[in-house]
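See below for the structure under consideration.
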There are 2 protein chains.
Amino acid sequence: MLESCQFMKQDAKGKEMTESVRARLSDSLVTATNAEKAIANYMLANLNGLPFETSATLAAKVGVSEPTVGRFCRSLGYARFKDLKADLRDNIGDRPWLVGDRLKEFRERNLEGDMLARSLDLEIAALVRIYEIAHTKEWKRAVKRLATMPKVFAAGFQTERGMAQYFANQLQYLRPDVSLADVAGGNFHEILMAPPKSACLVLFEARRYSQLALSLAREARKAKIPITLITDAFCDWGHDLADEMFVVPTEFDMFWESTAQMASLGNLLLNSIFNELGVSVEKRMNNVSELHGRFTGYVGE
Amino acid sequence: MLESCQFMKQDAKGKEMTESVRARLSDSLVTATNAEKAIANYMLANLNGLPFETSATLAAKVGVSEPTVGRFCRSLGYARFKDLKADLRDNIGDRPWLVGDRLKEFRERNLEGDMLARSLDLEIAALVRIYEIAHTKEWKRAVKRLATMPKVFAAGFQTERGMAQYFANQLQYLRPDVSLADVAGGNFHEILMAPPKSACLVLFEARRYSQLALSLAREARKAKIPITLITDAFCDWGHDLADEMFVVPTEFDMFWESTAQMASLGNLLLNSIFNELGVSVEKRMNNVSELHGRFTGYVGE
DNA sequence: GCTATAATGTTAGAAAGCTGTCAATTTATG
DNA sequence: CATAAATTGACAGCTTTCTAACATTATAGC
């Protein structure tokens, strides 16, 4: 699990560790030799195809020898071509965007093998993917259901329990009749015995620590309760049982692997539900707040 | 250049030779065995990441043996995993793998008035700022304390209650003696009466809906309990009472304003604590998990 | 509960990919 | 045009990736 050590890229000269593949290639064009220029140009023109290449295929296409490709990669600061590919995978790159300067600055400030800088890249990459999910029709369907269904249950076990709890808690501010499905009773009758077409379920699941989610999903399916599953890439039963399955990116840099991404996705889901419900929510929130104040003796500002 | 020969796929049964990778994988789910389903699901969830994988890495991630991956690819009509990748290239080969490009695409939608696109930019900006916070010495001090103090309490009220709950829940996996401070008892004696120098408090607070946090902070201060405060820019008492104050960026695009950012910051804090504690945590997690299994009748994989 | 069959893992060896050494070629410089 | 330096390719050996044969485990039928 925790063996990864990709933060110390082997760069003899200790130069820019944080530049993107694209930037390195562009930079190299200035000083590169003929063969190297050919390789760099090909790579730049085919960045999207690179992951499919290997030193050999690339050498053949560009018309240079295999070792030259390897050497060129070294001159860019990678140990081998494979490492260049790996970097391609999640590096956000150096394109100018809203926060570009700030991000660049942050990266520059942390030159030598900063775990956080790398981690930040991964998180941004994950965020982009999560937002892409929010554009699918499954997403819209789930949002609509979660906004309109009379009852909503959220469930998650072990490491995902906190997530489910959080989600249920926040959703309660947006709409009534939300609860956390609890294993406390030993069964899940409150969900499974709900009247037909009255309830739906949001299930948080991640591999490794619990299979309760699977059996709950099975039973819910039997009871014809729609399931929105938020999981990682290792779930092998989601396609069969869930109505929508949102797969969060799984990274191996953070201890919590996908939990952070689940939180982001959960928040985005809540936000979408809010948009679906419209401003009436604001009123509800004030009511809830007022109630809270009445019982604790405190009021909002 | 013209060497590709993907039209004569070796398919014993002579079935559909033209289907896309995705379609084949989906089809296979119907008849697949357990191991195969696991592979197919992982592939479907990670189509974008596949080009970077190799049989071995894939097998490791999915939890099957290398030959099983190869055999599965054959059952789909490819000679080997590499051929499946090659096919992928033709089908979605010109889709951007680079997260940066996808982000660019997303941002272009921003100009067309896509709310999500704007929101993504704000979230990325916020994320960068949160990572900046993680570089301060206050952060390190808080992390150290949260890793070593005998008891840790987390608290949050109203909209931040879920956050505190989540944080406490996750932290329990990392270390013992973590609890959520609850308003249920009407006072907070479990925190405030803790022996000197034995407890610390993580407080989530955001403007508007509760002032309980303020009075709890006051009392904790009196009792000499160190406070780590996570809040938004509107908190005007944090500097007086808290030992560390982490201010998450507040945006006005999302309904939840700063809650999403709090979740990110909380996750980052958990991750830092994990790093501080070291790998011993892994053991603890397995123990907790095993206990869970003993009581629910389920075990991890 | 036993046997036959299918599914999956293990091991070992073949194939492909990568790098180091050294020789051939090109380029730079006088 | 000659020579030195840099660049590049060819080949060999090492590593990784993949496959084929066999062993083991799970599943289904009786």
Side-chain angles (χ1 to χ4, degrees), chain A residues 3-6 9-13 28-43 49-89 207 211 214 234 236-237, chain B residues 3-5 9-13 25 28-43 49-89 299 301:
Chain A
E3 78 288 0
S4 82
C5 202
Q6 68 270 91
K9 238 162 250 143
Q10 308 87 329
D11 186 338
K13 292 161 224 149
S28 79
L29 283 173
V30 186
T31 55
T33 64
N34 279 346
E36 290 181 340
K37 262 185 203 143
I39 300 172
N41 277 314
Y42 183 89
M43 283 187 173
L50 278 195
F52 299 99
E53 305 284 357
T54 167
S55 287
T57 60
L58 207 103
K61 284 181 187 174
V62 177
V64 299
S65 74
E66 227 175 305
T68 306
V69 174
R71 277 190 288 253
F72 176 59
C73 292
R74 285 233 189 140
S75 79
L76 292 180
Y78 303 98
R80 70 207 84 237
F81 177 58
K82 216 170 35 168
D83 291 1
L84 187 152
K85 283 201 290 189
D87 208 19
L88 213 52
R89 177 175 201 158
R207 107 158 155 178
Q211 297 223 29
L214 171 57
F234 302 107
D236 60 350
W237 47 267
Chain B
E3 79 288 0
S4 81
C5 202
K9 235 156 253 144
Q10 311 84 328
D11 186 338
K13 291 163 227 147
L25 286 170
S28 80
L29 283 174
V30 186
T31 54
T33 64
N34 280 346
E36 291 180 341
K37 258 187 206 146
I39 300 170
N41 275 306
Y42 183 89
M43 285 186 172
L50 277 195
F52 299 98
E53 304 282 358
T54 170
S55 289
T57 59
L58 212 120
K61 283 179 188 175
V62 177
V64 299
S65 73
E66 228 174 303
T68 306
V69 174
R71 279 191 284 254
F72 176 60
C73 292
R74 289 228 193 121
S75 79
L76 292 180
Y78 302 97
R80 72 207 85 234
F81 177 58
K82 219 170 30 165
D83 292 4
L84 186 150
K85 282 202 288 188
D87 206 18
L88 213 53
R89 172 181 209 160
V299 290
E301 60 172 0

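Note on naming: letters A, B, ... go to the chains in the order of the sequence lines (proteins, then strands), and numbering restarts at 1 for each one. Quick note: numbers below take in every heavy atom, side chains included, and nothing from hydrogens, waters or symmetry partners.
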Summarise how protein sits on nucleotides 7-12 of chain C as a single string, 5' to 3': B when a protein heavy atom is under 4.0 Å from the base, S for sugar-phosphate-only contact, - for no contact. SBBB--

Using a cut-off of under 3.5 Å, enumerate the N/O to N/O pairs linking the protein to nucleotides 14-16 of chain D.
none

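- Taking atom CZ on A:F81 and atom P on C:dG20, their separation rounds to 17 Å, with Å as the unit.
- Among residues two or more places apart in sequence or in another chain, the side-chain contact (heavy atoms from CB on, under 4.5 Å) test is passed with B:N41 by A:D236, A:H239, B:L29, B:K37.
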Passes side chain to side chain contact (heavy atoms under 4.5 Å, CB included), B:T31 versus B:E36? Steps please. CA-CA 9 Å; B:T31 54; B:E36 291 180 341; over 6 Å; no

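- Distance A:K37 NZ to D:dT7 P: 11 Å, rounded to the nearest Å.
- For the residue pair A:D87 and A:Y78, the shortest heavy atom distance occurs at OD2-OH, 2.8 Å.
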Quick one: side chains of residues 62-70 of chain B, donor-acceptor pairs under 3.5 Å with protein atoms, not counting sequence neighbours, listed by atom name and distance.
residue: B:S65; atom: OG; partner: B:T68; partner atom: OG1; Å: 2.9

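- As rounded to whole Å, 12 Å separates atom P of D:dT17 from atom CG of B:L58.
- Among residues two or more places apart in sequence or in another chain, the salt bridge (Lys or Arg N to Asp or Glu O under 4.0 Å) test is passed with A:E53 by A:K61, B:R89.
- Taking five base pairs at each end of the helix from C:dG1-D:dC30 to C:dG30-D:dC1, the local helix axes there meet at an angle of 40°, rounded to 10°.
- Remark: B:T54 pairs with B:A56, B:T57 by the side-chain contact (heavy atoms from CB on, under 4.5 Å) rule, at least two apart or across chains.
- One atom, CZ of B:R80, and another, P of D:dT19, lie 5 Å apart when rounded to the nearest Å.
- A 4.5 Å side-chain heavy-atom check between B:I39 and B:L25 finds every atom pair outside the cut-off.
- Judged as a side-chain contact (heavy atoms from CB on, under 4.5 Å), and not counting sequence neighbours, A:A86 has no contacts.
- In this structure, CZ in A:F52 is found 13.5 Å from NZ in B:K82, a value given to the nearest 0.5 Å.
- In this structure, A:I39 atom CD1 and D:dT7 atom P are separated by 13 Å, rounded to whole Å.
- Rounded to an integer number of Å, the gap from A:R74 CZ to D:dT7 P is 16 Å.
- The CZ atom of B:F52 sits 15 Å away from the P atom of D:dT17 (whole-angstrom rounding).
- Across all non-hydrogen atoms, the minimal contact from B:F81 to B:C73 is CA-SG, 3.6 Å.
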